[in-house]
Protein chains: 2
Amino acid sequence: MKLKEAHYEFIHLWGNFGSQWGINKTMAQVHALLLVSEDAMSTDDIMDALSISRGGANMNVRELMTWNLIYKVSKLGDRKEFFEAEKDMWEVSKRITRERKRREIEPLMHHLVRLKRVDKNEKGAESFTKMLGDIERLVDRVDKVSDTLMRAEENAFFGSIIRLLK
Amino acid sequence: MKLKEAHYEFIHLWGNFGSQWGINKTMAQVHALLLVSEDAMSTDDIMDALSISRGGANMNVRELMTWNLIYKVSKLGDRKEFFEAEKDMWEVSKRITRERKRREIEPLMHHLVRLKRVDKNEKGAESFTKMLGDIERLVDRVDKVSDTLMRAEENAFFGSIIRLLK
DNA sequence: CAATACTTTCAGTATTTATTGAAAATTTGT
DNA sequence: ACAAATTTTCAATAAATACTGAAAGTATTG
């Protein structure tokens, strides 16, 4: 298979995978495009490569920047902005995790805590609050473990724990 | 807050959370409804509680069964089918993880392996295959750790590792 | 075996979500 | 300060996704 073909397939794969996980398909494709691109790309390059509008390219590029997955770079003697992706996939995974946690998990947890303040004397209140507590504990545990996973490379102690699991 | 209100809010919370993660909102709501319900519910009960059509109730209930998140139960002297949710949230999390892995992660991994077979002599092929390999290793590691997490309650050794992370 | 109770299907429709493209805003160079 | 280049916004539109409801299909009962 030719490299260009493989790039093309990867971009579509990443787009579909992203959309199954609640990430806008085009945003995932722009990300994939920049991941496989050797050089930084301008908005026009991206529009051209993915056949999307200027508005779409701009929107998705900016959204990817708020996720810290791509950076703005400037080319000497060119007025345009260029973009390049963070290429360290470990770092990519950390940033996606961090961002989803901040945007989605934390608000969810906040609501769960609030719902636990239901009238305790009603029949059924106990099993309901137990369930809320279980969800909290579960999310918290996943959170702790993913933190650890993310720190594994930077920390010999946690790294050795992770290696135990191989 | 009244228990009924809290149930109502939980159902909507779960629905919104689900849809942010690529799970059909109504399906997540049906799941939440059965999670908070003390008794098994019929299709009519669900239609009524969530104001959805018979078709929708049926579709979502069946989909939830393929995820092993709810069970069909029969009530003596009643011809209808009733449904109840798996209430152990740990088990729920295991099943969602297992199912998404089977449906989404495994096909993704298969494609990544395939794309690594790109022509190796083209310029840029090396960095591309390195990236694919990095994604594979990353997914694999997350997979191993989540397996471990899931087994933690059943296994003293892994359980003690998890407790280290608290 | 026919009537009844219940479940499933799916074409049509509604809703949600994403995209376009042109106008407005901003930035840069002279 | 102006003009040109570039970026951003957003109302209109398109595309994707989900839902409805009635008809067809199945199972159960007497």
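We name chains A, B, ... by the order of the sequence lines, and we start the count at 1 in each one. In this text, all values refer to a predicted model and were calculated from it rather than measured experimentally.
Between B:K72 and B:E84, the closest side-chain pair of non-hydrogen atoms is not below 4.5 Å. By the 4.5 Å heavy-atom criterion applied to side chains, B:L33 and B:W14 are not counted as neighbours.
When the nucleotides D:dT6, C:dA18, D:dT7 are ranked by their closest atom to the side chain of A:D78, D:dT6 comes out on top. Among D:dT7, C:dA5, C:dT20, the nucleotide with an atom closest to any side-chain atom of A:S53 is C:dT20. Side chain of B:E81, nearest nucleotide from C:dT8, D:dT8, D:dA18: C:dT8.
Spacing between atom CG of A:N24 and atom C1' of D:dA15 amounts to 12 Å, rounded to whole angstrom units. Nucleotide D:dT6 holds its C1' atom 16 Å from the NZ atom of A:K75, rounded to whole Å. Going from atom CD of B:Q29 over to atom C1' of D:dA18 covers 12 Å, rounded to whole Å. Between the P atom of C:dT7 and the CG atom of B:N60 lies a distance of 15 Å, rounded to the nearest Å. A straight line from CD of A:E63 to P of D:dT8 spans 13 Å, rounded to a whole angstrom. A:F83 has its CZ atom 12 Å from the C1' atom of D:dT8, to the nearest Å. Here D:dT7 presents its P atom at 10 Å from CD1 of A:I46, a figure rounded to the nearest Å. Look at CE on A:M47: it is 12 Å from C1' on C:dA22, rounded to the nearest Å.
Seen from the ring of A:W21, B:R100 counts as a face-on cation partner, given the 6.0 Å and 45° thresholds.
For A:N58, a side-chain nitrogen or oxygen approaches OP1 or OP2 of D:dT8 to under 4.0 Å. Close to D:dT9, at under 4.0 Å from its OP1 or OP2, lies a side-chain N or O of A:R62.
Ring geometry for B:F128 against A:H7 counts as perpendicular: the plane angle is over 60°, on a 0 to 90° scale with 30° as the lower cut.
Separating the CG atom in A:L69 from the CD atom in A:E99 is a distance of 8.5 Å, to the nearest 0.5 Å.
If you check every strand for non-hydrogen atoms under 4.0 Å, B:D44 touches nothing. At a threshold of 4.0 angstrom between heavy atoms, the contacts of A:M59 include nucleobase atoms, whether or not backbone atoms are also involved.
Donor-acceptor pairing under 3.5 Å, judged by distance alone, is absent between the side chain of B:R54 and the base of D:dA22.
With DNA chain C read from its 5' end, the first of the two nearest nucleotides for A:S51 and B:R79 is the one closest to B:R79.
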